[in-house]
Amino acid sequence: MSADTGDAQAASGGPIVEITGLNKAFGMLEVLKGIDMRVERGEVVCIIGPSGSGKSTLLRCVNVLEEPNAGSVVVNGFELTDPDVDIDRARRSIGMVFQAFNLFGHLSVLDNLTVAQRKVLKRDAGEAERIARENLQKVGLAEKAGAMPEQLSGGQQQRVAIARALSMQPAVMLFDEPTSALDPELVGDVLGVMRQLADEGMTMLVVTHEMQFAREVADKVLFMDGGVIVESGPPAKVIADPAEDRTKTFLSRVLNPVHASETD
Amino acid sequence: MPMSPRKRAQAFRGVQYAILVLAVAAVAFFANWEQLGNAFFNLEAMSTQFPGVITTALVNTIIYTGLGFALGLAVGLVLALMKLSSVAPYRWIATVYIEFFRGVPALLVFIALGFGVPLAFQIQFDTYSTAAIALGLVGSAYIAETLRAGIQAVPKGQVEAARSLGMSQSRATFTVVIPQAFRIILPPLTNELILLTKDSSLIYLLGLLGTEYELAKFGREGMNATNSMSPILLAGLCYLLITVPLGYLSRYLERRAGRKRDEGLEVTA
């Protein structure tokens with residue numbers, strides 16, 4: 001059996017992510033209140049919304065870093081909310097990029113990219129290294145293979161983190177505010193890599209505050225507030241011409257921060 | 001006119017130097033150097049201790065300590081994982097074990113193991129096993145707490161990243177968390193090794209053969225034989241041969257780990 005492709009074929013045809021009736025609470029605090037959404041193969045979906053709206057929690061439910069309280073999450077043919085499903089196996093095909101990069105601090109850049117290939121996918125060292133170097137090349141950091149993570153800038157670390165996720169050859173990539181922890185001048189490099197991924201047809205689910213990225217790259221934008229999806233549709237609709245008042249208020253604050261803070 | 005803060009700091013530094021000079025002078029003047037020299041720095045008495053103090057005593061101290069530390073590390077890791085377990089009884093057992101062995105004097109552990117266990121179970125360990133087990137029991141309690149703190153100091157995001165790459169919880173623990181925890185805890189772990197080195201002297205309680213003497217016992221026997229304190233001083237200096245390099249090793253590892261660690265993991269120990 002080929003570990004590389006076996007699972008990715010499981011659900012070809014249907015949507016790659018399908019979420020129905022998702023509820024998530026932390027103690028008494030209800031963070032997600034009945035989310036329904038789907039992501040088609042090759043689609044780029046951006047989730048926007050104010051902080052505390054539940055968008056990161058929603059993303060973390062897609063690979064079950066947060067355990068949903070109710071509802072179903074199906075990703076790439078795996079019913080993740082089914083207790084019998086092999087969650088480690090399902091996660092192989094779901095790449096995740098974190099706000100804080102989370103590179104393994106004790107491993108070189110190359111080892112960060114090969115460790116899971118070798119230990120999880122059981123690829124041999126040569127194969128894992130070849131794939132790792134390909135992906136480092138793709139994010140423009142081929143020459144950093146031997147560096148330790150803390151020798152890199154935040155933007156470089158995040159690109160390595162993207163390359164690490166890509167090295168597992170996932171069917172879908174999740175991005176949890178990938179540029180929020182970066183200095184402003186480093187944001188562009190990371191967004192550039194993400195844009196390139198989107199152009200290559202990668203299925204992406206992106207929680208972001210980068211409205212320009214959402215507008216230009218997303219096929220679909222979801223606006224979340226208070227644990228529900230308030231509005232969704234193509235960016236030309238949701239961002240350029242929102243129907244809901246909550247979306248309008250949010251967008252006016254994000255797009256004109258100086259003006260908005262004056263009127264607050 | 002009141003002194004400026006800088007003048008005051010300068011004057012205070014002068015006072016500190018003066019106290020130091022006075023203390024050194026007082027010791028130099030009042031101590032009976034001749035008697036002290038005869039009792040503790042008798043080179044003739046010291047020379048009778050060689051080569052046994054190195055070939056037997058120092059070597060045995062290192063063996064007892066090394067065995068005890070190895071066992072302590074293995075048991076300590078299990079205890080640390082038990083303390084972090086989601087199964088409550090494991091946490092309770094680990095807590096009771098740690099509180100007990102951290103709290104009772106190492107002396108008691110040696111006596112219990114050397115005399116209590118043989119009485120109860122009719123089994124007699126040899127000296128090396130007893131030393132290893134006793135030091136392992138004592139050491140594991142401290143090491144467990146150090147390891148637990150180290151494991152918890154590794155940011156949660158590291159596990160999340162590992163899990164999201166498809167690693168199981170235990171694979172993430174052993175591949176990602178423990179290697180980074182060890183970096184954090186190397187300095188405190190070295191301290192525990194130094195403490196165990198000194199605790200290894202308690203093995204004398206069990207009655208040792210001449211070939212089993214470690215430094216402290218060897219030094220005391222030397223004291224009796226030469227009627228001088230010098231052998232025990234020599235033995236003491238031999239402890240420094242172990243502990244001082246360990247201290248340097250610890251600082252070296254700390255510097256190296258510090259370089260390789262990302263800022264989020266910085267410890268101020």
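Letters A, B, ... are given to chains in the order of the sequence lines, protein chains preceding strands, and every chain is numbered from 1.
Residue Arg164(A) touches chain B through both its backbone and its side chain, counting heavy-atom pairs closer than 4.5 Å. Of the atoms belonging to Ile94(A), it is backbone heavy atoms, and not side-chain ones, that fall under 4.5 Å from chain B. Heavy atoms of Arg163(B) lying under 4.5 Å from chain A belong to its backbone as well as its side chain. Both the backbone and the side chain of Phe104(A) have a heavy atom closer than 4.5 Å to some heavy atom of chain B.
With no hydrogens or angles considered, no side-chain donor-acceptor pair links Arg133(A) and Gln137(A) at under 3.5 Å. Asp88(A) and Ser168(B) are not linked by any side-chain donor-acceptor pair at a separation below 3.5 angstrom, with hydrogens and angles left out of the test.
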With salt bridge (Lys or Arg N to Asp or Glu O under 4.0 Å) as the test, would you mind laying out the steps for Lys138(A) and Glu200(A) before giving the verdict?
CA-CA 11 Å; Lys138(A) 180 179 272 187; Glu200(A) 289 169 8; 3.0 Å; yes

Working for salt bridge (Lys or Arg N to Asp or Glu O under 4.0 Å), residues Glu67(A) and Lys24(A):
CA-CA 8 Å; Glu67(A) 193 85 44; Lys24(A) 173 67 187 172; over 6 Å; no

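Looking only at heavy-atom pairs under 4.5 Å with chain B, the residue among Gln117(A), Arg60(A), Gln99(A), Lys119(A) that has the most is Lys119(A).
Applying a 4.5 Å heavy-atom cutoff, none of the residues of residues 135-142 of chain B approach chain A.
Note on ring orientation: taking the six-membered ring where Trp is involved, the planes of Tyr64(B) and Tyr128(B) are tilted (angle from 30° to 60°).
Scanning for ring pair (Phe, Tyr, Trp, His ring centres under 6.0 Å) contacts around Tyr90(B) gives an empty result, with sequence neighbours left out.
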